[in-house]
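To start, the structure itself, in structure tokens.
The structure displayed is predicted, hence computed values, not measured ones. For ligands, and for the atoms within them, numbers begin at 1 and follow the listed sequence. We use all heavy atoms of the structure for the numbers below, so side chains are in, but hydrogens, waters and symmetry mates are not.
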Amino acid sequence: MTVPPAVADQLRALLDNAHAPYSKVHVAAAVESPDGTLHYGVNVENAAYPQGWCAEASAIGAAVSAGQSAIARVYVTSNLPDLVWPCGGCRQKIFELARPGCEVVTLTADGRSGRHTIEELLPLGFRLEQTPRNP
Ligand code: THU
């Protein structure tokens with residue numbers, strides 16, 4: 001499956017909105033809900049560096065804020081020449097809401113793309129409902 005051109009165009013346009021004065025790495029992400037709606041976000045850095053957050057986190061926040069509770073697919077793009085894959089923390093954030101087989105699709109400005117399922121990117125990911133709790 002190719003990346004829908006409208007999604008690729010929107011992601012590339014959103015790179016301008018990233019707040020990344022420190023790393024200069026602009027990232028945009030889209031979360032696709034099972035009903036096909038798309039929710040977008042960009043990375044937001046902070047002078048107190050650890051307080052910044054990733055584009056995927058922004059997009060997940062937008063999806064959840066819009067009432068969505070599941071993720072069918074994630075798209076990511078950046079201003080870097082190589083494919084960017086979600087960081088470890090964002091893999092866990094995606095895993096929390098991912099439908100089984102949820103794809104993460106990453107694309108470059110020049111149109112190359114790659115894809116992996118979230119299970120490939122985060123094997124044995126943590127889910128509370130699979131973890132026995134103490135009585
Ligand atoms: N970043 C993202 O927003 N998503 C990724 O998948 C990888 C990294 C951001 C975090 C930081 O603002 C910048 O890219 C450089 O690490």
Side-chain angles (χ1 to χ4, degrees):
M1 182 212 141
T2 56
V3 179
V7 176
D9 289 349
Q10 178 69 1
L11 285 170
R12 288 187 188 118
L14 277 176
L15 289 176
D16 286 343
N17 295 352
H19 178 70
Y22 308 104
S23 75
K24 316 282 193 214
V25 176
H26 289 221
V27 186
V31 163
E32 186 177 321
S33 302
D35 67 4
T37 55
L38 286 153
H39 304 273
Y40 291 88
V42 296
N43 56 328
V44 184
E45 296 184 349
N46 194 282
Y49 292 175
Q51 297 303 324
W53 66 88
C54 291
E56 293 89 333
S58 290
I60 291 168
V64 172
S65 299
Q68 300 292 343
S69 56
I71 299 175
R73 188 177 285 112
V74 177
Y75 296 98
V76 186
T77 196
S78 83
N79 62 348
L80 294 174
D82 293 326
L83 296 174
V84 162
W85 294 99
C87 74
C90 284
R91 293 177 194 204
Q92 180 65 33
K93 289 180 178 72
I94 295 164
F95 189 75
E96 173 77 15
L97 300 176
R99 284 207 160 167
C102 169
E103 281 187 317
V104 177
V105 182
T106 178
L107 61 150
T108 60
D110 63 4
R112 286 173 295 120
S113 65
R115 63 191 63 224
H116 281 291
T117 64
I118 189 62
E119 292 86 358
E120 288 169 337
L121 295 176
L122 188 70
L124 304 175
F126 176 72
R127 280 192 212 282
L128 195 55
E129 65 266 26
Q130 293 172 353
T131 307
R133 296 197 220 193
N134 293 327

>> Contact between Val74 and Pro86 at the side-chain level, heavy atoms closer than 4.5 Å - yes or no?
In response: no
> Is the closest heavy atom of Pro86 to ligand 1 under 4.0 Å?
Replying inline: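 Yes; Pro86 lies near enough to ligand 1 that a heavy-atom distance drops under 4.0 Å.
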> Would you say Glu56 has any N or O atom under 3.5 Å from an N or O of ligand 1, going by distance alone?
Replying inline: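 Among all N and O atoms of Glu56, at least one is under 3.5 Å from an N or O of ligand 1.
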> Ala55 to ligand 1: N or O pair under 3.5 Å?
Replying inline: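 It does: an N or O of Ala55 is found under 3.5 Å from an N or O of ligand 1.
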Go through ligand 1 atom by atom and flag the ones less than 4.0 Å from a non-hydrogen atom of [X].
X     : answer
Val27 : 1 (N), 2 (C), 3 (O), 4 (N), 9 (C), 14 (O)
Val25 : 13 (C), 14 (O), 15 (C)
Ser23 : 13 (C), 15 (C)
Asn43 : 3 (O), 9 (C), 11 (C), 12 (O), 13 (C), 14 (O)
Trp85 : 6 (O)

>> My question is simple, although I want it checked carefully: is atom 16 (O) of ligand 1 less than 4.0 angstrom from any protein heavy atom?
In response: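 It does not: no protein heavy atom is found less than 4.0 Å away from atom 16 (O) of ligand 1.
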> Counting heavy atoms only, which part of Val84 comes closer than 4.0 Å to ligand 1: side chain, backbone, both or neither?
Replying inline: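 It is the side chain that gets close, since no backbone atom is under 4.0 Å.
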> When you look for heavy atoms under 4.0 Å from ligand 1, do you find them on the side chain of Cys54, its backbone, both, or neither?
Replying inline: both
>> Exactly one of Leu83, Thr77, Leu80 should register a side chain to side chain contact (heavy atoms under 4.5 Å, CB included) with Thr108. Which one does?
In response: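 Of the listed options, the one satisfying the test is Leu83.
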> Relative to atom 11 (C) of ligand 1, which among His19, His26, Lys24, Glu45 owns the nearest non-hydrogen atom?
Replying inline: Glu45
> Would you say Gln92 has more than 12 foreign heavy atoms packed within less than 6.0 Å of its CD?
Replying inline: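 For Gln92, atom CD is crowded (more than 12 foreign heavy atoms under 6.0 Å).
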>> For Arg99, I'd like to know if atom CZ has over 12 heavy atoms of other residues, nucleotides or ligands within 6.0 Å.
In response: no
